[in-house]
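Structure first, then comments.
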Amino acid sequence: MLDKKYNHEIVEKDKYEKWLAKDYFKCVEDSDNKPYCIVLPPPNVTGVLHLGHAWDVTLQDIIIRYKKMEGYDTFWLPGMDHAAIATEAKVVKRLKDKGIDKYSYGRDKFLEACWDWTHEHGDIIRKQWAKLGIALDYSKERFTLDEGMSKAVRKVFVDYYNEGLIYRGEKIINWDPVAKTALSNEEVVYSEEKSAFYHIKYMLENSDKYIDVATTRPETLFGDTAVAVNELDDRYKEFVGKNVILPLLNKPIPVITDEHADMTKGTGAVKITPAHDPNDFEVGNRHNLERVVIMNDDATMNELTGKYQGMTREECREAVIKDLEGLGLLIKIEPIVHEVGHSERTGVMVEPMIKKQWFVKMRPLADKVLATQKIKEEKVNFVPARYEKTMNHWMEITYDWCISRQLWWGHRIPAWYKDDEVYVGMEAPNEAGWVQDNDVLDTWFSSALWPFATLGWPDNNKLLSKYYPNQCLVTGYDIIPFWVNRMTFQGEKLLGKRPFEDCLIHGLIRDKQGRKFSKSLGNGIDPFDMVKDYGADALRYYLATDVAPGTDMRFDEEKIKATWNYINKIWNASRFVLSNIEDLKEIKLDNLKPEDKWILTKFEKTLHETKRFMDKYEFNNAGASIYNFTWNYFCDYYIEMAKYTIGEHSTKSTLCYVLTGILKLLQPFMPYVTDEIYNMLPVKETEDIMIASYPKYDKKLIFDSEEKAVDDSVEFIKSFRNIKAENNITKEMKVMFDTEDDNDLIIKMLKLNDNLVKEPLGIKAYKVFSNRVKATIFFEKVETEADKLAKEAQIKVLTESISRREKLLSNDNYVNKAPAKIVELDRQKLAEEKQKLAELLK
RNA sequence: GGGCGAUUAGCUCAGUUGGUUAGAGCAUCUGCCUUACAAGCAGGAGGUCACAAGUUCGAGUCCUGUAUCGCCCACCA
């Protein structure tokens, strides 16, 4: 016998270990069943899982468990990401707290510290996965820095290099002066900052004329090698071709014309700093300008800035402005607000710098994706579909991907140098004297290979051929540019096929006020506190059903509470069923009563609807559909009806059949409690519910006329209760049925056995009716003013509705153009309303 | 500057191809300890679907425009 109250701690205890021991989570490579593979977005080993991860994995687990019951050979591959820059930052800090400097510690020892960190956090993360009950195949777990991944990474690098898709070049890149590494465009986040246009006089050589140059970055003037104006700009005609004097350095630089100078912006004259600005870099290339690097790697000013050497960028700006002002070269300061790029990881202002780095040539790779996305059978199907635009737009505008990072934790670049020679290969060259590139690859370079490198690529094996392309990938929309896009172009280039058929996108979780969760706000919620308080099932159901796919969610603990109540409801319904079917030997759906047929029909319809939603990943709608059936039909009505015929085999069978069905539909959402209850069923098809089959829609269990009839009885019951409550009618009432039909069920449900009369009484009468059933309640009661008002209001509503409907039905346009079904419905409704009104007016 | 999303009950959210009186949970009001469940049961109340114009017999849903909020992208000096 079940406890009276659902206790999630008891229910969830030891279950995960049981599932693991029975190998339920393992894929069956040799199985003939159709494969269904998802690779888990590998969480960073930087930290522990948060609510967003819990959401992400819950969605995947629901898909996997659903597909498994549907008969697929499911395979959910877990793993973690070494997260190069993010983890390195954490380990650097940990060492620093111990008084150890990364560089003096040395590369090998530092990497050891990184591995220690990785193992610590890996263990924590695995425990967290277990708490959520997710069906990961741990026998295939991978790490983005393991041997197989490393091999795949080197292979891609070498092949791309040989094909010309990877090259090394000196270009302007985003430099993080704290981590002292290059970054990709995606790793730069822009935020609005208060700044100013500084208008500076650049004096014409040997003249007292000058050009007013407006800049937001006066500290970079030491790197100026020209001033550009537009060739159509009349204001500066006389300056073009001459020199202006670079302030502070008193160095002559040319005034050139270039399309980059926009006459409508600023003063129309722009200083050109090729080594510290991407646009100026391009201008410099066009005009063969010298590139003067004026900063050190930590973004302090270097020796070329004279007395400003050693200052930070900020200090230098202040000093420069002060000095220019002293020289009378500062015209004005115009405050503005503009977007400034910051490092995603360290938060520091990114400095554009000229550096020799490795790049992936993006155009051919991106074009391939754009072409594939035009083919229905070969494209990645985004859910919701609008996110395809996010990827496609990125593919259209992307430019070469800077993949080298000046870090230690990551895949070391397989390039070796000897004097001016470069060797790129899977292994180091044999001869002596070659030195390997010090840098590692962007962490996303390896995770881009995740959907196939984890399956054994570049070796061709059964795992790869069976499970690639993956059937689905689940991730948040914020990860599309970093990861989804890159997996897509890599998969299509390297294996000739999309990495996954579907890509289910979810949003971000925010707090109750709609703010992002962040450490500084202190508004974080630990999902495992929720598991502790309400159970994994409640958290999972909440996360999966709260919002429609692709939208953000506002976290609300009250809803988890409500889910707990729902589970408790299921628990208690099961308690009733189980305690009454202990002697059931087999489920036989024959000699069915109308209410049995009714609930079976409702269940089939719910199943049909639920499956449709599950297949579209609309778990919110699927959840609502099951909830509505379970609570409003099964619990509120069928169980109540069943109480009167509980001894009959058909009742027991129906109870057991429907409860089993409900448990199966809920299993993907609530694996623990459904497992617990399923195992207590006297009749069941499998040892555990997660290996049972999903119910199949069965037309033979659709009974239209019984459904209609019992629906009508239910409608009558509701009307009856309504009238009884609204009129404060007590048990003293007498009831006379006007209709001959069998009203047994109604009489039982309303407990009217002692109140029935055959002839009308000469006291106040209340009419109750549904389509089929009519009855009169006799009850002595003084009509109050409130009763009168209520009745008048009801008459008013009905009268208005009738006249609106009559008008509609007399409109030929409507009658002729609207579907006959709709018009017929209106006619029915009108007739009912008229009848009701007549009753009220009696 | 470009793109996307949101705007529906007090709160958080659903709402399929346009079609009965726009739904749910929570909160709220009334009455109930009816032996599965008071974390429950029964019955209510609560919405000009952001705004304006349009298409249509019919618009929360489709078209156009506006407002507010949010996100993404973009090299703007």
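It should be emphasised that the depicted structure is a prediction, and the values quoted were computed from it without experimental measurement. In what follows, chains carry the letters A, B, and so on, assigned in the order in which the sequence lines appear, proteins first and then strands, with residues in each chain numbered from 1.
At B/A77, none of the side-chain N or O atoms of A/S195 fall inside 4.0 Å of OP1 or OP2 (strictly under the cut-off). The side chain of A/K4 places no N or O atom within less than 4.0 Å of a non-bridging phosphate oxygen (OP1 or OP2) of B/A36. In terms of phosphate contacts, A/R612 brings no side-chain nitrogen or oxygen within less than 4.0 Å of OP1 or OP2 of B/U16. Side-chain nitrogen and oxygen atoms of A/H393 include none within less than 4.0 Å of the OP1 or OP2 phosphate oxygen of B/C4. Applying the 4.0 Å criterion to OP1 and OP2 of B/C72, one finds that A/Y190 has every side-chain N and O outside that range. Dashed line: the shortest gap from a side-chain N or O of A/W631 to OP1 or OP2 of B/C41 is under 4.0 Å. Using a 4.0 Å cut-off, no side-chain N or O of A/R510 falls inside it from OP1 or OP2 of B/G70. Between A/R554 and B/C13, a side-chain N or O to OP1/OP2 separation shorter than 4.0 Å is present. OP1 and OP2 of B/G70 both lie 4.0 Å or more from every side-chain N or O belonging to A/R515.
Residue contacts shown for A/N811 are limited to sugar-phosphate atoms, with no base heavy atom under 4.0 Å away. Residue contacts for A/N816: at a heavy-atom cut-off of 4.0 Å it reaches no nucleic acid atom on any strand shown. A/K512 comes within 4.0 angstrom of nothing in the nucleic acid, heavy atoms only.
Of the candidates B/A14, B/C26, B/G70, the closest approach to any side-chain atom of A/A562 belongs to B/C26. Relative to the side chain of A/N621, the nucleotides B/C37, B/G19, B/G15 differ in distance, and B/G15 lies closest. In the set B/A77, B/C41, B/A36, the nucleotide with an atom closest to the side chain of A/F197 is B/A77. The side chain of A/Y814 lies closest to B/G19, out of B/C41, B/G25, B/G19. When the nucleotides B/U21, B/A36, B/A14 are ranked by their closest atom to the side chain of A/K569, B/A36 comes out on top.
Atom pair A/E557:CD and B/A27:C1' shows a separation of 16 Å (rounding to whole Å applied). In this structure, A/K643 atom NZ and B/A36 atom P are separated by 4 Å, rounded to whole Å.
A salt bridge links A/E640 with A/K643: at least one charged nitrogen is closer than 4.0 Å to a carboxylate oxygen.
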Worked check of side-chain hydrogen bond (donor to acceptor under 3.5 Å, both in side chains) between A/T645 and A/T651: CA-CA 7 Å; A/T645 57; A/T651 303; 2.9 Å; yes
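The separation of B/C32 from B/C37, taken at their C1' atoms, amounts to 15 Å, rounded to a whole angstrom.
Partner of A/W564 under the ring pair (Phe, Tyr, Trp, His ring centres under 6.0 Å) criterion, out of A/Y6, A/Y534, A/W571: A/Y6 alone.
Looking only at distances, a side-chain donor or acceptor of A/H276 sits under 3.5 Å from a matching main-chain atom of A/I294.
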